[in-house]
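For reference, the structure is listed below as structure tokens.
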Amino acid sequence: MKITVLQGSPHKNGSSNLLASEFIRGAKEAGHDVSVLDAAHMDMHPCLGCSRCGMNGECVHRDDNTIIRDAMLQSDMAVFVTPIYYFGMSAQLKMVIDRFYSYTTRLSGKKLKTVLITAAWDDNDDVMPCTVKHYEKLCRYMNFRDCGMVLGRGCGTLEATKGSRYPNDAYQLGRSL
Ligand SMILES: Cc1cc2nc3c(=O)[nH]c(=O)nc-3n(C[C@H](O)[C@H](O)[C@H](O)COP(=O)(O)O)c2cc1C
């Protein structure tokens, strides 16, 4: 299976990317072809809502979204990786999702498999539900098939994340695909 991992943290070596790297290790061991796109460090701009793309055409922006679009359309699975920012995903990852607009018809026709990987400072029941709800809604709207989530609570520092159960959860999820 061809898997594209979309990273949404400004911290290249932060907690969410650590969880993603464990997922990738597992997925590669299981024989999958994994590519990583660090969306937070790519040349990306927010959707202008101009509708020039007609939800199925060229975007007015000339940036790295074409790289993400081509990877998404050629993949069997996408992995959304994000720190939790104010109970939601990061703006860096949300920008990628908003830019689906120009290829939403093609993308939703793929029945893409997806995974969600998050990292948050807090460790309580309040910290993840909004992000999970948003992800689930996105899956329904875009005909994505959710294949699992790793919701890293209490992952505010690299040390805390390394010492938690979540790296192994991420590895096991990748390995199980
Ligand atoms: C703008 C901003 C908003 C944040 N909002 C939350 C939040 O709502 N809940 C929480 O538990 N942590 C919050 N955090 C902490 C991060 O989620 C946490 O540090 C996480 O480990 C960062 O992941 P990263 O290392 O992958 O970037 C916030 C951090 C920033 C910078």
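Reckoned from all heavy atoms, side chains included, excluding hydrogens, waters and symmetry mates. All ligand and atom numbering here is 1-based and tracks the order in the structure. No experiment lies behind these values; they were computed from the predicted model shown.
Note that CD1 of I84 and CG of L151 are 7.5 Å apart. Values are rounded to the nearest 0.5 Å. Residue N56 holds its CG atom at 5.5 Å from CZ of R106, rounded to the nearest 0.5 Å.
Between the side chain of N17 and the backbone N or O of H11 there is at least one donor-acceptor pair closer than 3.5 Å. Formation of a donor-acceptor pair under 3.5 Å by the R52 side chain with backbone atoms of G49 is not found in this model.
Heavy atoms from other residues, nucleotides or ligands lying under 6.0 Å from NZ of K2 number more than 12. Within 6.0 Å of the CG atom in D125, the count of heavy atoms belonging to other residues, nucleotides or ligands does not exceed 12.
Listed by number with element, the atoms of ligand 1 under 4.0 Å from a non-hydrogen atom of Y86 are 1 (C), 3 (C), 4 (C), 5 (N), 6 (C), 7 (C), 8 (O). Below 4.0 Å from some heavy atom of F87 lie the following atoms of ligand 1, by number and element: 8 (O). Each of the atoms 24 (P), 26 (O), 27 (O) of ligand 1 lies under 4.0 Å from some heavy atom of S9. Close approach of ligand 1 to A119 (heavy-atom distance below 4.0 Å) involves ligand atoms 17 (O), 20 (C). Close approach of ligand 1 to P83 is summarised as follows: ligand atoms under 4.0 Å from at least one heavy atom of the residue are 22 (C), 23 (O), 24 (P), 27 (O). The ligand atoms of ligand 1 that sit less than 4.0 angstrom from a heavy atom of D122 are 10 (C), 11 (O).
Of the options A160, G14, P10, C155, the smallest heavy-atom separation from atom 21 (O) of ligand 1 is shown by C155. Atom 9 (N) of ligand 1 has its nearest heavy-atom neighbour, among V127, T157, T161, in V127. Nearest residue to atom 13 (C) of ligand 1 from D123, I84, L18 is I84 (criterion: closest heavy atom).
The nearest protein atom to atom 31 (C) of ligand 1, hydrogens excluded, is given as Y85 CE2, 3.6 Å; this is a heavy-atom distance. Remark: minimum distance from atom 26 (O) of ligand 1 to any protein heavy atom is reached at S16 OG, 2.6 Å. In this structure, the protein non-hydrogen atom closest to atom 19 (O) of ligand 1 is G156 O, 3.7 Å. Scanning all protein heavy atoms for the shortest distance to atom 25 (O) of ligand 1 gives S15 N, 2.9 Å. For atom 12 (N) of ligand 1, the nearest protein heavy atom (residue, atom name, distance) is W121 N, 3.3 Å.
An N or O contact shorter than 3.5 Å is missing between N17 and ligand 1 by distance.
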Item to complete: Report the C-alpha distance between Y166 and L18 in whole Å, list the side-chain angles of each, state the deciding distance to 0.1 Å, and finish with yes or no for side-chain contact (heavy atoms from CB on, under 4.5 Å).
Response: CA-CA 10 Å; Y166 301 110; L18 171 75; over 6 Å; no

Discussion item. As a quick check of understanding, evaluate side-chain contact (heavy atoms from CB on, under 4.5 Å) for T114 and M142, giving each step before the final call.
Written reply: CA-CA 11 Å; T114 57; M142 294 297 293; over 6 Å; no

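The pair E136-R140 fails the salt-bridge criterion, with no side-chain N (NZ, NE, NH1 or NH2) lying under 4.0 Å from an Asp/Glu carboxylate O. Ion pairing between a basic and an acidic side chain is recognised when a charged N comes within 4.0 Å of a carboxylate O; K110 and D76 show no such pairing.
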